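Just follow the structure's listing: the first ligand is 1, and inside any ligand the first atom is 1. None of these values were measured; they are calculated from a predicted model.
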Amino acid sequence: MHVDFFKHSLGSEEKQAVALSLNDPFLTTGKTVERFENLFSDYIGCSFSLGVTSCTHAMELALRALEIGPGDEVITTPQTFVATTLAVLAVGATPVWVDVETTTGNIDIANVEKAITKCTKAILPVHLYGNMCDIRSISKLAKKYNLMVIEDAAHALESKRDGICVGELSDCACFSFYTTKSITCGEGGAVTTNNQELYKKMKILRSHGIDRDAFTRYGTTSSFDLSHVGMKCNMSNIQAAILIPQMKKIEENRDRRENVCSIYRKNLSGLKNVGLFPELSNNKSGCHLFPIFVLPHKRDLIRKKLKEAGIETAVNYRSINTLSVFLNLFNKGEGTYPKSEKIGDRCISLPLYPSMEKDKIDYVCEKLIEVLS
Ligand SMILES: *Cc1c(COP(=O)(O)O)cnc(C)c1O
């Protein structure tokens with residue numbers, strides 16, 4: 001049997017939508033993107049959304065719009081995909097990592113407060129695996145010290161905690177529509193905000209810093225002025241067309257992934273040499289990944305044996321302070337962030353996608369138990 005790590009759920013509706021989008025001569029950011037943005041804002045429950053080319057660019061766009069740059073510090077987590085820190089570096093600011101909670105892998109609020117200096121401008125938390133971080137406390141802390149909050153919500157499209165949704169308490173929330181995410185157009189992203197000024201600024205910065213984008217100029221003879229030094233990260237109508245039909249399936253697909261997770265949990269909890277994160281109360285997880293934790297010196301061998309049995313897995317994530325470019329830049333080697341590194345050395349993400357069949361889930365559990373014994 002072969003078990004993919006992830007399989008998207010795109011079908012005839014999405015294919016038809018792409019075909020239709022190609023009939024329109026206007027392929028870049030236009031009416032279709034606007035339609036997607038409205039649907040996305042409604043789903044998130046925020047005032048404004050902008051479609052962009054990736055979550056990485058969404059974070060960079062938010063940081064630029066908030067005028068965070070050289071000399072500024074952004075407090076974030078080493079237990080994440082590299083993009084979170086790369087976005088901070090892209091604007092010339094300094095990422096300041098703090099260690100995470102052992103039970104969630106999310107940024108530890110106590111460490112955040114200790115890391116605040118007079119140069120700190122923002123907090124950039126990640127909702128790891130789909131479990132929201134303590135955004136209420138982060139937001140309180142940010143108010144106390146006059147800091148901005150940008151959420152890396154790449155795992156957390158559907159997440160809620162204590163009745164708070166992603167994007168609700170922060171300045172901006174950033175989403176990914178990369179291949180393995182809840183909704184996807186291959187590559188893509190979005191940034192949301194409830195601040196109209198910030199929205200307007202990000203909209204300009206999204207298209208080079210030009211005050212009127214191609215769609216506004218289309219069919220007119222008017223020329224443009226450049227008002228800001230911007231980026232080029234606007235979503236195309238083709239990407240938006242693929243995303244729109246997926247919007248109405250978000251919850252159903254999340255529930256299907258939750259079902260897969262609960263079967264894993266039932267079959268794997270209590271096993272010797274396998275750790276699971278506890279289920280959290282007052283938390284609606286995005287169920288983006290299902291990590292298990294094994295003995296660090298056995299991890300790579302376990303993955304190899306699962307691969308031989310046809311089962312694809314992933315590591316989400318090696319603590320990014322241990323990656324070579326960051327080691328060279330910041331010299332925060334092994335031992336600097338023990339909790340993040342502990343997760344990074346032990347984690348294996350199991351296959352997880354909405355259409356995963358019961359026999360495949362059982363097969364993964366069966367093989368895993370076999371490999372572990
Ligand atoms: C996928 C991911 C990103 C990057 O998303 P892109 O759309 O590929 O730029 C950033 N942060 C986290 C936590 C992710 O999982």
Side-chain angles (χ1 to χ4, degrees), residues 5-6 8 33 36 40 49-64 74-91 95 97 100-101 104-107 122-133 135 138 149-159 166-167 170 172-192 202 206 231-236 239-240 242-243 246 254 257 277 285-291 313-321 323 326 340 343-344 347-350 352-353:
F5 180 67
F6 180 81
H8 68 67
V33 172
F36 167 70
F40 198 76
S49 295
L50 284 164
V52 292
T53 42
S54 70
C55 181
T56 312
H57 280 146
M59 292 188 281
E60 183 182 337
L61 185 64
L63 288 161
R64 275 177 185 255
V74 177
I75 299 175
T76 185
T77 165
Q79 185 40 248
T80 178
F81 183 54
V82 294
T84 323
T85 277
L86 289 175
V88 177
L89 292 174
V91 300
W97 296 318
V100 297
E101 304 170 335
T104 62
N106 281 328
I107 200 164
I123 308 171
L124 174 44
V126 177
H127 307 301
L128 194 68
Y129 307 141
N131 293 318
M132 255 175 97
C133 68
I135 193 73
I138 287 175
V149 179
I150 301 157
E151 294 170 77
D152 179 341
H155 296 184
L157 179 58
E158 310 87 347
S159 304
V166 281
S170 59
C172 294
C174 303
F175 299 86
S176 174
F177 310 134
Y178 175 70
T179 310
T180 56
K181 302 303 204 291
S182 305
I183 61 171
T184 180
C185 51
E187 298 282 356
V191 57
T192 65
M202 288 195 289
R206 175 179 72 168
M231 298 170 64
K232 170 64 176 172
C233 59
N234 51 309
M235 177 181 277
S236 75
Q239 289 170 299
I242 304 173
L243 291 167
Q246 297 174 65
R254 190 213 77 98
R257 291 195 306 277
F277 272 167
S285 174
C287 300
H288 176 58
L289 291 167
F290 191 86
T313 60
V315 168
N316 307 98
Y317 298 93
R318 289 194 170 80
S319 192
I320 64 171
N321 58 297
L323 303 179
F326 294 140
S340 172
I343 292 168
C347 62
I348 301 177
S349 299
L350 298 184
L352 175 60
Y353 49 90

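- Compare Ala154, Ala190, Gly189, Ser176 by their heavy atoms: the one nearest to atom 12 (C) of ligand 1 is in Ala154.
- Aromatic ring centroids of Tyr353 and Phe5 lie 6.0 Å or more apart.
- Expressed to the nearest 0.5 Å, how far CZ of Phe175 lies from CG of Leu157 amounts to 6.0 Å.
- In terms of protein heavy atoms, atom 2 (C) of ligand 1 is closest to Lys181 NZ, 3.0 Å.
- The protein atom (non-hydrogen) at minimum distance from atom 8 (O) of ligand 1 is Tyr178 CB, 3.8 Å.
- Checked for salt-bridge contact, Lys181 and Glu187 miss the test: no charged N lies under 4.0 Å from a carboxylate O.
- Distance from atom 10 (C) of ligand 1 to its nearest protein heavy atom, with residue and atom name: Asp152 OD2, 3.6 Å.
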Fill in: Step-by-step ring-ring contact (aromatic ring centres under 6.0 Å, His included) determination, Phe177 to Phe36
CA-CA 13 Å; Phe177 310 134; Phe36 167 70; 5.6 Å; yes
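- The protein heavy atom nearest to atom 9 (O) of ligand 1 is Thr56 OG1, 2.4 Å.
- Within the 4.0 Å heavy-atom shell around ligand 1 one finds Gly188.
- Note that OG1 of Thr184 and OH of Tyr178 are 9.0 Å apart. Values are rounded to the nearest 0.5 Å.
- Backbone and side-chain nitrogen or oxygen atoms of Val126 are examined, and none is located within less than 3.5 angstrom of a nitrogen or oxygen of ligand 1.
- In this structure, the protein non-hydrogen atom closest to atom 15 (O) of ligand 1 is His155 NE2, 2.7 Å.
- In this pair, His155 and His288 present their aromatic rings tilted. The plane angle is within the 30 to 60° band.
- Not a single N or O atom of His288, backbone or side chain, sits closer than 3.5 Å to an N or O atom of ligand 1.
- Between Tyr317 and ligand 1, an N or O atom pair is found at a separation short of 3.5 Å.
- If you check which protein heavy atom lies closest to atom 3 (C) of ligand 1, you get Phe81 CD2, 3.7 Å.
- The part of Ala83 lying near ligand 1 is the side chain, judged by heavy-atom distances below 4.0 Å.
- For Phe277 and Phe290, the ring centers sit 6.0 Å or farther from each other.
- With hydrogens and angles ignored, the 3.5 Å screen pairs a side-chain donor or acceptor of Arg206 with a backbone N or O of Gly51.
- Between the side chain of Gln79 and the backbone N or O of Tyr317, at least one donor-acceptor pair lies under 3.5 Å.
- Short contacts between ligand 1 and Thr80, defined as distances under 4.0 Å to a heavy atom of the residue, involve ligand atoms 13 (C).
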